[in-house]
Amino acid sequence: MKKSMVLKGALISALIIFILPFTTSCQTKNQVSVDNDVTKTTDKKIEKLQDLIDKNYIGKIKDEDLEEGIYKGFIEGLDDPYSVYYTEEETKALVEQTSGEYSGIGAVLSQDRDTGVITILQVYEDSPAEEAGLKEGDSFLKVGDTELTSKDDITEVVRLIKGEEGTKVELTVYRNKEKKEFTTTAIRRKIQAKTVTTKMLEDNIGYLAISEFDSVTLDQYKEGLKSLSDQGMKKLIVDLRNNPGGNLDTVTDILDLMLPKGISVCMEDKGGNKKEFKTDEENKFDKPLVVLVNGNSASASEIYAGAIQDFKTGTIIGTTTYGKGVVQQIFDLKDGTSVKLTIAEYFTPKGRNINKKGITPDVECEYQENEKSPEADNQLDKAIEYIKEK
């Protein structure tokens, strides 16, 4: 397994890319290095705990589970929501997700940073999730016989939901809009991630929504832009609402299609080493552009929105984004397991650090739910109204 970087808010899948050396420079503030030494008494304390368990614990003891618990707890001690230890099974699932194809139900999930609640952000069209009646906004309570708690990591929940093609998975969710829970069964099958959707709106306004920055997203984005252009697009709305992030290479490659020559994002690691991701003059989007964002637009989505905003090539509309301005790297532990650690900060082209702050839109517009018309979208209406004047 290669070393890799992950940009992720809280998503059903963690997308990994090959990590590049930090060789170029940009103006950012150096991070502070903090050394955390494990005391020599740790081994003795673990031995004491083991002895107490062996002599007194009445439950079934699995040495492998105890060991994995130590490793997971060790990383959890960093108190970083983005740093995670993965077992061998979890690592295999992580690697599988980079292909953009997996056996599952076809839904994008998000985990609330504070409450730990796992909610459906998107249901793929014609997917097992849609056929099972699942909807955006549903919160998971149980997967099979496993009751979920605030301590469950989203990666583990995803592992429970995924499985062999053709097998069934029972899901219990709470439907927030109806304030009730229900149980349904989905039949797993091969899912090709559909990360980009497009449609033509009135007045030759193209609409392109990105659900996540997956390994397949770049080609889908190019195809989407071409399709809209072939239909006579004169203006474009890019919808990044509820997009929790994804692959760093993907978002920087996409920005290279949109921006003039310059820097799309800059990263700085623990040692103060910097890396710039650059755009060239070969491609740039020269039509009126609006980017829609909300509080669930995170990480790679914020890189996209921040670069567009700094270059002033488009207008950001919606609400302040999630605020994830750090990068994770996956380290192969050479025994089938892996660990994801936060290894760098990133900065917008103008040097802004948006971690825990988010991107403030140029035009604020809160989403207003319309019970009489569930399909109504006042934020999209605002974007259309705004871009018509451009």
Side-chain angles (χ1 to χ4, degrees), residues 8-15 93 96-97 100-113 115-150 152-197 199 209-212 214 216-217 220 239-246 294-298 301 367 369-371 373-377 380:
K8 196 58 48 182
L11 180 60
I12 188 170
S13 58
L15 311 175
E96 178 193 59
Q97 290 156 12
E101 186 176 76
Y102 60 92
S103 179
I105 66 171
V108 178
L109 308 187
S110 173
Q111 184 166 34
D112 187 277
R113 179 165 46 189
T115 66
V117 173
I118 296 174
T119 303
I120 297 178
L121 282 183
Q122 181 188 9
V123 175
Y124 289 163
E125 186 178 353
D126 299 324
S127 67
E130 183 182 66
E131 292 164 3
L134 296 176
K135 296 182 179 180
E136 295 177 12
D138 289 348
S139 298
F140 281 91
L141 300 176
K142 291 175 63 178
V143 178
D145 295 327
T146 303
E147 293 190 12
L148 305 184
T149 71
S150 60
D152 288 309
D153 180 73
I154 192 169
T155 305
E156 173 62 18
V157 175
V158 170
R159 185 189 68 78
L160 293 173
I161 293 174
K162 288 184 176 181
E164 187 177 347
E165 185 176 9
T167 59
K168 297 179 180 180
V169 57
E170 188 175 82
L171 304 165
T172 301
V173 301
Y174 181 80
R175 180 147 298 161
N176 294 281
K177 289 185 178 180
E178 300 175 8
K179 300 188 184 306
K180 68 177 183 179
E181 66 176 73
F182 76 97
T183 300
T184 185
T185 299
I187 301 176
R188 303 178 178 102
R189 64 170 179 263
K190 287 293 183 183
I191 302 294
Q192 176 72 47
K194 300 174 184 177
T195 62
V196 175
T197 57
K199 62 182 176 181
I210 310 175
S211 62
E212 60 190 71
D214 225 334
V216 297
T217 305
Q220 292 180 10
D239 193 345
L240 298 181
R241 291 175 297 175
N242 299 324
N243 181 323
N294 64 9
N296 288 321
S297 303
S301 294
Y367 179 75
E369 188 173 345
N370 189 328
E371 294 182 359
S373 180
E375 301 302 319
D377 188 342
L380 179 57

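The model shown is predicted, which means the values in this text are computed figures rather than measured ones. Any value given below was found using the heavy atoms of this structure, including those in side chains, with hydrogens, waters and symmetry copies removed.
- Residues Thr217 and Ile210 are in side-chain contact: their nearest non-hydrogen atoms beyond the backbone lie under 4.5 Å apart.
- The shortest side-chain heavy-atom distance between Tyr174 and Val117 does not fall under the 4.5 Å cut-off.
- Here the side chains of Asn296 and Arg241 are not in contact, with every heavy-atom distance at 4.5 Å or above.
- Within the model, atoms CG of Asp145 and CD of Glu170 stand 7.0 Å from one another, a figure rounded to the nearest 0.5 Å.
- Side-chain atoms of Asn370 never come within 3.5 Å of backbone atoms of Ala376 as a donor-acceptor pair (strictly under, hydrogens ignored).
- Contact check for Asn242 versus Gln122: no side-chain heavy atoms found under the 4.5 Å cut-off.
- For the pair Leu134 and Ile105, the minimum side-chain heavy-atom distance is below 4.5 Å.
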Item to complete: Could you walk me through whether Val157 and Leu148 pass side chain to side chain contact (heavy atoms under 4.5 Å, CB included), step by step?
Response: CA-CA 8 Å; Val157 175; Leu148 305 184; 4.0 Å; yes

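- Summarising the geometry, atom CG belonging to Leu141 is positioned 10.5 Å from atom CG belonging to Leu171; distances are rounded to the nearest 0.5 Å.
- One finds the CD atom of Glu181 at 11.5 Å from the OG atom of Ser139 (value rounded to the nearest 0.5 Å).
- At least one side-chain heavy atom of Ser110 sits less than 4.5 Å from a side-chain heavy atom of Leu121.
- In this structure, the side chain of Gln111 engages the main chain of Ile154 through a donor-acceptor pair within 3.5 Å.
- Looking at every heavy atom in both residues, Asp152 comes nearest to Glu147 through OD2-O, 4.0 Å.
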Worksheet item: Can you check salt bridge (charged side-chain N to carboxylate O under 4.0 Å, His left out) on Arg189 and Glu164, steps first, answer last?
Response: CA-CA 8 Å; Arg189 64 170 179 263; Glu164 187 177 347; over 6 Å; no

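- Within the 3.5 Å criterion, the main-chain N or O of Asp126 finds a donor-acceptor partner in the side chain of Glu130.
- By the 6.0 Å and 45° rule, Lys162 stacks over the aromatic ring of Tyr102.
- Put simply, CZ on Phe140 and OG1 on Thr119 are 9.0 Å apart, with the number rounded to the nearest 0.5 Å.
- A pairwise comparison of heavy atoms in Pro128 and Gly104 identifies CG-O, 3.8 Å as the closest pair.
- Side-chain atoms of Ser297 come within 3.5 Å of backbone atoms of Leu240 as a donor-acceptor pair (strictly under, hydrogens ignored).
- Within the 4.5 Å cutoff, no side-chain heavy atoms of Asn294 are placed close to those of Tyr367.
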Practice prompt. Take Arg188 and Ser103 through the test side-chain hydrogen bond (donor to acceptor under 3.5 Å, both in side chains) and record every step on the way to the result.
Written response: CA-CA 6 Å; Arg188 303 178 178 102; Ser103 179; over 6 Å; no

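- With a 4.5 Å cut-off on side-chain heavy atoms, Thr146 and Leu160 count as touching.
- With values rounded to the nearest 0.5 angstrom, Lys168 atom NZ is found 11.0 Å from Thr184 atom OG1.
- Note that NZ of Lys135 and CD1 of Ile120 are 11.0 Å apart. Values are rounded to the nearest 0.5 Å.
- The two atoms that bring Gly106 and Ala129 nearest to each other are O-CB, 3.9 Å, heavy atoms only.
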Fill in: Pair Lys177-Asp138, salt bridge (charged side-chain N to carboxylate O under 4.0 Å, His left out): steps then yes or no
CA-CA 8 Å; Lys177 289 185 178 180; Asp138 289 348; over 6 Å; no

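- Between the side chain of Thr195 and the backbone N or O of Asp214 there is no donor-acceptor pair closer than 3.5 Å.
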